[in-house]
Colleague: 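The structure's right below; bear with me while I get my questions together.
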There are 2 protein chains.
Amino acid sequence: MNAPRLDGQVPAHEAVYRALRAQILEGGLAPGASLTLRGVAEGLGVSMTPAREAVRRLVAERALAMTDTGRVQVPLPDAGALDELFRARSLLEPELAVRALPGVDKPLISALRVIDDRLEERLEAGDAAGYVRANNAFHSLLYARANAPALMALVESVWLQTSPVMRRVYGRIGTGSLIDYHEAALEALAARDADRLAAAIRSDVEQGAALVREGAA
Amino acid sequence: MNAPRLDGQVPAHEAVYRALRAQILEGGLAPGASLTLRGVAEGLGVSMTPAREAVRRLVAERALAMTDTGRVQVPLPDAGALDELFRARSLLEPELAVRALPGVDKPLISALRVIDDRLEERLEAGDAAGYVRANNAFHSLLYARANAPALMALVESVWLQTSPVMRRVYGRIGTGSLIDYHEAALEALAARDADRLAAAIRSDVEQGAALVREGAA
DNA sequence: CGGCGCATTTTGTGATCACAAATTCCCGGC
DNA sequence: GCCGGGAATTTGTGATCACAAAATGCGCCG
């Protein structure tokens with residue numbers, strides 16, 4: 001009835017955290033949906049204690065919200081909150097991209113291209129969840145090269161907050177005519193041009209912001 | 001044996017969180033110091049459960065760090081991490097200041113002046129903890145006018161990470177010749193000049209960064 | 001037929017306990 | 001004198017339980 005630090009095993013609270021986090025990022029949880037600690041615990045076969053810890057961790061990261069009576073739900077950011085979040089992304093992500101630039105090599109660019117192809121494929125297939133997932137993977141993989149864990153943590157908190165609505169927006173909008181700023185970013189990476197890279201990432205983020213703005217419910 | 005939601009009372013885990021957070025922000029906990037759940041719990045007269053939740057919440061905010069064996073300690077950011085954190089501040093804080101600008105009125109400017117006076121007084125008195133506290137109060141009060149909780153949460157996470165070292169640095173350095181960018185910010189506020197305000201805040205943050213860089217142990 | 005009040009159920013909170021891994025401490029051997 | 005190893009202690013983890021507040025549902029009265 002215990003699992004402290006078995007070999008490569010992760011603690012139960014960590015497993016619960018990862019499961020919930022993935023569901024939020026990949027759109028498994030709709031904005032506004034509510035969770036119960038007992039529900040989470042039973043759903044993952046653990047007791048309430050680790051479930052509580054995982055939920056609280058996500059609340060601290062603002063990926064989940066708590067009412068003043070302790071009820072937990074997936075937050076539904078209003079227009080103002082979304083504006084803040086996309087502004088944060090457009091300020092922080094170019095910095096991460098530029099910091100990644102020195103560590104970028106050809107294999108990475110190839111890997112990014114593969115992801116970008118999958119992304120466009122999902123887009124045309126109208127697979128909103130797959131699109132969001134691929135988009136996350138693209139930015140994630142690039143920024144990982146920046147070796148900037150503190151900045152990365154900030155950006156990931158923002159992603160957790162925007163992902164649920166993104167999925168909803170992409171699901172609703174036909175994802176019609178999107179300018180491919182990822183392609184521009186890849187070119188800037190190949191050319192090792194920091195300014196163009198920063199501009200491409202900023203444009204990419206701001207395009208997402210515009211999309212969310214017009215797709216507001 | 002219980003205290004769920006008594007009148008204006010806060011839950012135990014919230015009380016523990018606030019107590020620890022204040023200690024971190026105001027320098028009561030030295031970088032590298034280690035905590036035990038039982039120690040925290042007994043120190044505040046609660047059981048381990050709420051102590052664990054509070055600690056985990058602070059870990060999620062990166063105000064505390066956990067080793068891979070679950071030991072908790074106040075993080076000691078290295079030069080690279082500090083660079084990231086101050087960069088984040090210099091990107092995010094001007095945005096918050098500018099967003100606050102429309103809501104700024106004369107009473108607020110007066111209140112900020114009072115804080116700034118106390119700040120300089122602490123500086124001359126060599127009271128590092130008081131200085132850090134006043135500095136936090138100044139930025140906090142201004143940004144509160146921005147009504148931007150999502151951005152604010154990001155910045156507060158960064159403050160939690162830098163505060164312990166700031167205190168150390170100001171304690172060591174004589175806090176000799178510091179340019180008063182707060183005064184410049186106050187003038188920009190009075191003139192409702194967004195550009196000058198942003199520049200002043202950015203300079204203020206970057207001065208702090210430079211100070212920390214040269215004061216690195 | 002629509003709100004209102006009370007009983008029932010659901011749900012978060014906090015304490016306590018057992019357990020195992022990690023850490024600490026101390027002693028004996030080299 | 002210093003290092004290594006094993007016992008004792010410390011410490012995090014997770015399960016379970018009691019409790020109270022909040023949410024829910026239902027029936028009664030208007």
Side-chain angles (χ1 to χ4, degrees), chain A residues 1-21 23-24 29-30 32-76, chain B residues 1-21 23-24 29-30 32-76:
Chain A
M1 302 311 121
N2 213 337
R5 188 68 14 82
L6 208 59
D7 279 86
Q9 216 71 319
V10 300
H13 63 84
E14 180 75 24
V16 175
Y17 170 77
R18 291 186 193 176
L20 287 178
R21 183 182 210 274
Q23 276 197 3
I24 293 168
L29 290 175
S34 60
L35 308 182
T36 66
L37 297 183
R38 284 173 177 85
V40 171
E42 284 167 27
L44 286 138
V46 297
S47 82
M48 275 180 67
T49 311
R52 244 199 301 187
E53 295 194 35
V55 165
R56 283 225 122 81
R57 185 170 165 192
L58 288 160
V59 169
E61 291 172 343
R62 304 186 127 243
L64 293 175
M66 256 176 114
T67 70
D68 52 358
T69 66
R71 252 70 185 189
V72 183
Q73 51 186 60
V74 182
L76 182 57
Chain B
M1 305 307 128
N2 213 337
R5 187 70 13 83
L6 208 59
D7 280 85
Q9 216 71 317
V10 300
H13 63 85
E14 179 76 23
V16 175
Y17 169 77
R18 292 186 193 175
L20 287 177
R21 184 181 209 275
Q23 277 197 5
I24 294 168
L29 291 174
S34 60
L35 308 183
T36 66
L37 297 183
R38 284 173 177 86
V40 171
E42 284 167 27
L44 286 135
V46 297
S47 83
M48 276 180 65
T49 311
R52 243 200 301 188
E53 294 194 35
V55 166
R56 282 226 123 79
R57 184 169 164 192
L58 288 160
V59 169
E61 290 172 345
R62 303 186 127 242
L64 293 175
M66 257 177 115
T67 70
D68 53 357
T69 66
R71 252 69 185 190
V72 183
Q73 49 186 61
V74 183
L76 182 59

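These figures come from a predicted structure and were not determined experimentally. Throughout, a chain's letter reflects where its sequence line sits, starting with A, and its residues are numbered from 1.
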Colleague: Which whole-number value in Å describes the distance from M48(A) CE to dA18(D) C1'?
Modeller: 12 Å
Colleague: State, to 0.1 Å, how close V40(B) and A51(B) come at their nearest heavy-atom pair, and which atoms those are.
Modeller: CG1-CB, 4.1 Å
Colleague: What nitrogen or oxygen pairs link the protein and nucleotides 4-6 of chain C at under 3.5 Å?
Modeller:
none

Colleague: Are V74(A) and L64(A) side-chain neighbours, meaning at least one heavy-atom pair lies under 4.5 Å?
Modeller: yes
Colleague: Over all heavy atoms of both residues, which pair between Q73(A) and G32(A) is shortest? Give the atoms and the distance, please.
Modeller: CB-O, 4.2 Å
Colleague: Hey, does T36(A) reach any base, or is it just sugar-phosphate, or nothing, if we go heavy atoms under 4.0 Å?
Modeller: sugar-phosphate
Colleague: Counting side-chain heavy atoms from CB outward, which of dT13(C), dG14(D), dT13(D) is closest to R52(A)?
Modeller: dT13(C)
Colleague: Find the distance L37(B):CG to dC19(C):P and express it as a whole number of Å.
Modeller: 20 Å
Colleague: Quick check on DNA chain C: between L35(A) and R38(B), whose nearest nucleotide comes earlier from the 5' end?
Modeller: L35(A)
Colleague: Is R57(A) salt-bridged to E14(A), going by a charged N under 4.0 Å from an acidic O?
Modeller: yes
Colleague: Whether R56(B) contacts dT13(D) is assessed here as follows: a side-chain N or O lying under 4.0 Å from the phosphate OP1 or OP2. Is that the case?
Modeller: yes
Colleague: Between Y17(A) (OH) and dT13(D) (P), how many Å, whole number?
Modeller: 15 Å
Colleague: Once you round it to whole Å, what is the distance between P of dA15(D) and CD of E53(A)?
Modeller: 11 Å
Colleague: Between atom CD in E42(A) and atom C1' in dT11(C), what is the gap in whole Å?
Modeller: 12 Å
Colleague: Evaluate L29(B) against L35(B) for side-chain contact (heavy atoms from CB on, under 4.5 Å), listing each step before the verdict.
Modeller: CA-CA 10 Å; L29(B) 291 174; L35(B) 308 183; 4.2 Å; yes
Colleague: Just jot down the salt bridge (charged side-chain N to carboxylate O under 4.0 Å, His left out) partners of R38(B), sequence neighbours excluded, or say none.
Modeller: none
Colleague: Rounded to whole Å, please give me the gap between CG in L44(B) and P in dG14(C).
Modeller: 13 Å
Colleague: The side chain of T69(B) is closest to which nucleotide in this list: dT13(D), dG14(C), dT23(C)?
Modeller: dT23(C)
Colleague: Identify which nucleotide among dT11(C), dA15(C), dG12(D) has an atom closest to any side-chain atom of M66(B), counting heavy atoms from C-beta outward.
Modeller: dG12(D)
Colleague: Considering residues at least two apart in sequence or located in another chain, which fulfil the salt bridge (charged side-chain N to carboxylate O under 4.0 Å, His left out) criterion with E53(A)?
Modeller: R52(B), R56(B)
Colleague: Side-chain N or O of T49(B) less than 4.0 angstrom from OP1 or OP2 on dT16(C)?
Modeller: no
Colleague: Taking the nucleotide of DNA chain D with the closest heavy atom to each, which residue, P50(A) or R71(B), is nearer the 5' end?
Modeller: R71(B)
